[in-house]
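Heads up: the structure comes next, in structure tokens.
In what follows, every chain begins at residue 1, and chains take the letters A, B, ... in the order their sequences are listed.
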There are 2 protein chains.
Amino acid sequence: MSELNVFDKNFLLLLHLAKNCGLDRSCRLSTLKLSNEFGGSQQTISRKLRELEEAGLIERFPYSSGMELVITSLAKKYLKTYLNQIQRLFDEPELIGSIVGKVRSGLGEGAYYVSLSQYMKQFREKLGFTPFSGTLNLEVNEVEFQKILLNLTPVKIDGFKTRKRTFGSINCYRVKIKNYNRAVLMIPKRSVHKGNVVELIAPDVLRDELNLEDGDELKIDF
Amino acid sequence: MSELNVFDKNFLLLLHLAKNCGLDRSCRLSTLKLSNEFGGSQQTISRKLRELEEAGLIERFPYSSGMELVITSLAKKYLKTYLNQIQRLFDEPELIGSIVGKVRSGLGEGAYYVSLSQYMKQFREKLGFTPFSGTLNLEVNEVEFQKILLNLTPVKIDGFKTRKRTFGSINCYRVKIKNYNRAVLMIPKRSVHKGNVVELIAPDVLRDELNLEDGDELKIDF
DNA sequence: ATTACTAAATTCCGAGTAA
DNA sequence: TTTACTCGGAATTTAGTAA
């Protein structure tokens, strides 16, 4: 982390100072007081304050028993960018859309296809996990569902041929269900289902993980 | 800073990860990719990720060319507390009140009192600066002004006696004017002014620093 | 390709102390 | 009392590799 600037390196200390002084006022403190409050030795605080001052992030004015300290507008600007960065994380749920479906029991075809090694290998490679060889079937509103898919880029699992038959490609979409975020929705090019039934795979058994029974309503976030 | 926890120590890395992955999704990356993006060596990133994982701040799932990474709800909670801390800094201007006054030229009495060594010594000790031996006179609305003072704790400059006469104590209030935050408003116990005129001192010449002329309106933040 | 171990290089910290 | 310097030791980083 050699390229870290003084602000980044001392972010926590500066935050502590700002909490003490406010952003628009000066406050009086000493290196010893700070070392007790913030941690570290008096010497280390002394050095860090010198670094911060040299970088133009604080201003110090000696004072008979310590110093008067001011957070500069440069430091304020830095703090603001951090604020914005973290805020953005919480502001944007990065949710393209949600859809509610009903849990249905399948006939086990999904499980068969998923377990094929040619698919399995690609799941591991492209999704980052080995799926449980079974699927969760979900009945959804086809129109709403298609609308959401238009805004998403699928992870594509290639099809393959054997001597006996051809297996189509599968479009996969990462989804989040409650707090579980490793589920993947599969849309096979040639589906055995009508358009209103979708299948989910995951590294875990979703029925157990999410405590589901047939008929349960389930919200999926894309 | 030995008492820093894993989160604090790796706050910036975790923020970087969160920006990449989002708070509710997983993302795929490798230690090499991260070391290029974030800085530091592949080895250092590897170690830090292990630390973060051990502390329950991230979860990792091996993947053929790297790993799949998830920000845990614990890390989310930490990020949220930081967000709140920084937000509070910007939310609360810590402004008790403001008042607008008009710049007036004084007769130089203020300058005389300020320059007295018995006062000057205390200014240095209690305010943290050596004031310019002159004051800026400001005409204010007395009622509004008194209302604000009620909510403030003054820095008290003690009075003293000489053989010839007695000098009263002075209440001082730190104020902010535009971006200048080292000005101090003085309220002498026995003032030569009527209650609608106040005097300001500062380590710098306020008239020059703030580019002021008689009659100018000036906003003071407490 | 990866991740991660070991060991050497480097950085950082803090006790002692001067000013 | 302060702040800040020196310097030895601790902690961190990274190069070289193994797996």
Side-chain angles (χ1 to χ4, degrees), chain A residues 1-14 16-17 20 26-55 57-70 121-122 124-130, chain B residues 1-14 16-17 20 26-55 57-70 121-122 124-130:
Chain A
M1 285 195 288
S2 48
E3 56 246 78
L4 278 190
N5 63 33
V6 179
F7 178 87
D8 288 335
K9 241 170 48 184
N10 294 301
F11 169 72
L12 291 172
L13 176 57
L14 205 58
H16 180 87
L17 294 173
N20 267 272
S26 57
C27 63
R28 273 180 275 160
L29 27 80
S30 73
T31 53
L32 191 62
K33 184 165 170 285
L34 272 172
S35 74
N36 290 326
E37 288 172 9
F38 182 73
S41 66
Q42 175 272 320
Q43 293 87 337
T44 296
I45 296 292
S46 168
R47 178 170 41 77
K48 291 191 170 186
L49 289 184
R50 270 173 282 152
E51 285 171 19
L52 287 173
E53 189 171 30
E54 204 170 346
L57 295 165
I58 62 170
E59 282 177 44
R60 293 189 298 165
F61 305 96
Y63 170 65
S64 69
S65 69
M67 69 192 79
E68 185 159 354
L69 192 145
V70 179
K121 184 169 179 292
Q122 291 183 71
R124 271 197 294 272
E125 294 285 314
K126 297 180 181 175
L127 298 175
F129 62 82
T130 302
Chain B
M1 283 196 290
S2 49
E3 55 247 79
L4 280 190
N5 64 32
V6 178
F7 178 86
D8 287 335
K9 242 170 46 184
N10 294 301
F11 168 73
L12 290 171
L13 176 57
L14 205 58
H16 180 88
L17 293 173
N20 267 273
S26 58
C27 62
R28 275 180 272 160
L29 29 81
S30 73
T31 52
L32 192 61
K33 185 166 168 287
L34 272 172
S35 75
N36 290 326
E37 288 171 10
F38 181 73
S41 66
Q42 174 272 320
Q43 293 87 338
T44 296
I45 296 292
S46 168
R47 177 172 42 77
K48 292 193 168 184
L49 289 183
R50 270 173 282 152
E51 285 172 18
L52 287 173
E53 189 170 30
E54 204 171 343
L57 295 166
I58 62 170
E59 282 177 44
R60 293 189 298 164
F61 307 96
Y63 169 65
S64 68
S65 68
M67 69 191 77
E68 186 160 354
L69 192 145
V70 180
K121 184 168 179 291
Q122 291 184 71
R124 271 196 295 272
E125 293 286 313
K126 299 181 180 173
L127 297 175
F129 63 80
T130 302

Residues forming a salt bridge (Lys or Arg N to Asp or Glu O under 4.0 Å) with A:Glu68, sequence neighbours excluded: B:Arg174, B:Arg182
Nearest-nucleotide pick for B:Arg50, side chain only, options being D:dT13, C:dT3, C:dA4: C:dA4
Net bend of the helix from C:dT2-D:dA19 to C:dA19-D:dT2, end axes of five pairs each, nearest 10 degrees: 40°
By salt bridge (Lys or Arg N to Asp or Glu O under 4.0 Å) - contacts of A:Lys126 (at least two apart): A:Asp158
Those residues that, when tested against B:Phe129, pass ring-ring contact (aromatic ring centres under 6.0 Å, His included) (two or more places apart): none
Under 3.5 Å, which N/O atoms of the protein pair with N/O atoms of nucleotides 15-17 of chain D?
residue, atom, partner, partner atom, Å
D:dA15, N7, B:Gln43, NE2, 2.9
D:dG16, O6, B:Gln43, NE2, 3.0

Counterpart residues, salt bridge (Lys or Arg N to Asp or Glu O under 4.0 Å), relative to B:Arg124 (two or more places apart): none
Minimum-distance nucleotide to A:Thr44 side chain [options: C:dG14, D:dT13, C:dT2]: C:dG14
Residues in salt bridge (Lys or Arg N to Asp or Glu O under 4.0 Å) contact with A:Arg60, at least two apart in sequence or another chain: A:Glu53
side-chain hydrogen bond (donor to acceptor under 3.5 Å, both in side chains) against A:Ser46, all qualifying residues, sequence neighbours excluded: A:Arg50
Qualifying salt bridge (Lys or Arg N to Asp or Glu O under 4.0 Å) pairs, either residue in residues 29-46 of chain A, two or more places apart: A:Lys33-A:Glu37
Phosphate contact (D:dT13 OP1 or OP2) by B:Lys48 side-chain N/O below 4.0 Å: yes
Sugar-phosphate, base or nothing in reach of B:Ser46, heavy atoms under 4.0 Å: base
Sugar-phosphate, base or nothing in reach of B:Arg47, heavy atoms under 4.0 Å: base
